[in-house]
Amino acid sequence: MELILFYIFGGLALAGALGVILFKNPISSAFSLIACFFGMAALYAMMQAHFMAVIQILVYTGAIMVLFVFVIMLLNLNVEELKEKVPSRFFWLCSIFSSVGILGALACVFKGHELSMPEVDNLYGTIETAGSLMFREYWFPFEILSVLLLVAIIGGVVLAKREL
Amino acid sequence: MVSLENYLFLSAALFSIGLLGLMVRRNILVLFMSVELLLNAANLAFIAFSRFRGTLDGHVAGFFVIAVAAAEAAVGLAIVIAIFRNKGTVQTTHLKMMKG
C-alpha cells in the first residue's frame, strides 16, 4: 500500500518535473512545477516530515510560485518573445548524455543498499520538535538567514524599481 | 515497504531532469524553475536521510534550503524584470552584454 502511494506521488513529481522542461509556455511550466511540488509534499508527509510538507506547500507553492506566475504575467510576453532558438541535435545529445551520466553515477552510489526506514515515534517531524531543534542547535544560522532574507527583500526592491 | 533507496533514486531522477532543463532551455524564467527543481531534489535526499537516521537535522537543513530558495527567487526575478525592461527579451541567447 505504501509502495503504491510512493509510485503515485513520485510519478506525479517526475511528470511535473518533465513538464517544466518540455512545455513551451512558461505559464504551463510554472503550473507543472506546482504539481511537482504537491507530489513532493505528499512524499514528505509519507516520511512523517509533517513540518516540511506544510512548509513546502505554504512557502514553495504558495509564495515562490505565486511570485513566478506574477512575474510571468507582468512581463506579458508575446508569441514572438516565447519562440526559442532550438539547440542543435548535437547539443541535445550532449545534454541528455551528461544528465543521464549524472543519474547513472548517482544510481551507482545509491544502489545495493536496500535500507528500510526505521520506526520512529509520533513526535518525529512535528513542528514542536523541529522548532525546538532549530532554536536550540541551529539558532545562529537561523538568525543569519533572517539577515539574508532582509537583504534579498531590499535587493529585490532596488533592482525592480525603475529609479530610486 | 518503501526503502531509502527508492527516495534517493527519485531524488537523483529529479536532479538530472532539472540539470537537463538548465542545459537545453533558453527562457530565463524556465531556467529559474529548473534551479528550483535541483534544490527540491536535494531537499528530498535531505529528508530521506534524516528519516533513515531518525534525527531531525535534515529537516532543519531542508528548511534553510527553502528559505534560501525564496531569497534567490526574489532577487532573481527582480533581475529578470530589470533585464526585460532594458533589453526587451527573456531569451538567454539574446543577452550578450557580458560576453566581452
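Here is the naming used below: chain letters follow the sequence lines, and residue numbers restart at 1 for every chain.
Taking A:Ile153, A:Leu67, A:Ile102, A:Leu75 one by one and counting their heavy-atom pairs under 4.5 Å with chain B, the maximum is reached by A:Leu75. Of the listed residues B:Asp57, B:Val80, B:Val68, B:Ile79, the one with more heavy-atom pairs under 4.5 angstrom with chain A than any other is B:Asp57. Of the residues considered (B:Thr55, B:Thr92, B:Val30), B:Thr55 shows the highest number of contacts with chain A, using heavy-atom pairs under 4.5 Å. By number of non-hydrogen pairs under 4.5 angstrom with chain B, the leading residue of A:Gly10, A:Ala17, A:Ala63, A:Gly156 is A:Ala17. When each of A:Pro141, A:Ala105, A:Pro118, A:Ala30 is checked for heavy-atom pairs under 4.5 Å with chain B, A:Pro118 comes out on top. For the options B:Ile81, B:Leu31, B:Leu77, heavy-atom pairs under 4.5 Å to chain A are most numerous at B:Leu77. Among A:Ile55, A:Val100, A:Leu3, A:Leu22, the residue with the largest count of heavy-atom pairs under 4.5 Å with chain B is A:Leu3. Among B:Val75, B:Leu8, B:Leu19, B:Leu29, the residue making the largest number of heavy-atom pairs under 4.5 Å with chain A is B:Leu8. Among B:Thr89, B:Asn27, B:Thr93, B:Asn43, the residue making the largest number of heavy-atom pairs under 4.5 Å with chain A is B:Asn27. Ranked by heavy-atom pairs under 4.5 Å with chain B, the first of A:Gln48, A:Met134, A:Met1 is A:Met134. Of the listed residues (A:Leu103, A:Leu74, A:Val20), the greatest number of heavy-atom pairs within a distance under 4.5 Å of chain B belongs to A:Leu103. Heavy-atom pairs under 4.5 Å with chain A were tallied for B:Ala41, B:Ser11, B:Gly54, B:Gly58; the largest tally goes to B:Gly54.
Contact of A:Met40 with chain B is made through the side chain alone, with heavy-atom distances under 4.5 Å. There is no contact between B:Glu72 and chain A, counting heavy-atom distances below 4.5 Å. With a threshold of 4.5 angstrom between heavy atoms, A:Phe6 approaches chain B through side-chain atoms but not through N, CA, C or O. Within the 4.5 angstrom heavy-atom criterion, atoms from both the backbone and the side chain of A:Leu14 approach chain B. Of the atoms belonging to A:Leu18, heavy atoms from both backbone and side chain fall under 4.5 Å from chain B. Of the atoms belonging to B:Phe63, heavy atoms from both backbone and side chain fall under 4.5 Å from chain A. Residue contact with chain A, scored on non-hydrogen atoms closer than 4.5 Å, involves the backbone and the side chain of B:Phe52 alike. Contacts of B:Arg25 with chain A are made by both backbone and side-chain atoms, with heavy-atom separations under 4.5 Å. Within the 4.5 angstrom heavy-atom criterion, only side-chain atoms of B:Val90, from C-beta onward, approach chain A.
A:Phe110 contributes atom CZ, which lies 8.0 Å from atom CZ of B:Phe9 (distance to the nearest 0.5 angstrom). Taking OH of A:Tyr44 as the reference point, atom CZ of B:Phe46 lies at 10.5 Å (rounded to 0.5 Å). Rounded to the nearest 0.5 angstrom, B:Glu36 CD and A:Phe37 CZ are separated by 5.5 Å. Distance check, rounded to the nearest 0.5 Å: CE of B:Met23 to CH2 of A:Trp92 gives 10.0 Å.
Side-chain atoms of B:Asn40 and A:Gln56 form a donor-acceptor pair, as typed in the model, at a separation below 3.5 Å.
The aromatic ring centres of A:Tyr138 and B:His59 sit 6.0 Å or more apart.
Under the 4.5 Å side-chain criterion, counting only non-hydrogen atoms from C-beta, B:Leu10 is not in contact with A:Tyr7. Side-chain contact between B:Ser3 and A:Met117 is absent, with no heavy-atom pair separated by less than 4.5 Å. For the pair B:Met33/A:Ser32, no side-chain contact is recorded, criterion being any heavy-atom separation below 4.5 Å from C-beta on. With contacts defined as side-chain heavy-atom distances shorter than 4.5 Å, the pair B:Leu56/A:Phe51 does not qualify.
Transitive grouping of hydrophobic side chains (ILVMFWY, heavy atoms separated by less than 4.5 Å) brings A:Ile96 and B:Ile17 into a common cluster.
When every heavy atom of A:Leu149 is checked against every heavy atom of B:Ala71, the shortest pair comes out as CD2-CB, 4.0 Å. Taking every heavy atom of both residues into account, A:Glu2 and B:Val2 meet most closely at O-CG2, 3.8 Å. Here the closest heavy-atom approach between residue A:Ile64 and residue B:Ala69 is recorded as CD1-C, 4.1 Å. The two residues A:Ile21 and B:Ser34 have their closest heavy-atom pair at CG2-OG, 4.2 Å. A pairwise comparison of heavy atoms in A:Leu77 and B:Phe84 identifies CD2-CE1, 3.6 Å as the closest pair. Contact record, A:Ala130 with B:Val60: O-CG2, 4.4 Å, taken as the closest heavy-atom pair.
Within 6.0 Å of CZ in A:Phe31 there are 12 or fewer heavy atoms belonging to other residues, nucleotides or ligands. For CZ of B:Arg85, the number of neighbouring non-hydrogen atoms (other residues, nucleotides, ligands) closer than 6.0 Å is greater than 12.
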Item to check | Full working for side chain to side chain contact (heavy atoms under 4.5 Å, CB included) between B:Ser50 and A:Tyr124 | outcome: CA-CA 10 Å; B:Ser50 185; A:Tyr124 180 85; 3.5 Å; yes

Checklist entry - Checking side chain to side chain contact (heavy atoms under 4.5 Å, CB included) for the pair B:Leu37/A:Cys36: CA distance, chi angles, key distance, verdict? => result CA-CA 9 Å; B:Leu37 265 182; A:Cys36 174; 3.8 Å; yes

Item to check | Stepwise side chain to side chain contact (heavy atoms under 4.5 Å, CB included) test for A:Ile144 and B:Phe64 | outcome: CA-CA 10 Å; A:Ile144 296 292; B:Phe64 287 151; over 6 Å; no

Checklist entry - Is there a side chain to side chain contact (heavy atoms under 4.5 Å, CB included) between A:Met46 and B:Tyr7 once you walk through the steps? => result CA-CA 11 Å; A:Met46 277 174 63; B:Tyr7 286 110; 3.8 Å; yes

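Proximity of a side-chain donor or acceptor of B:Arg51 to a complementary backbone N or O of A:Val120 within less than 3.5 Å is not detected.
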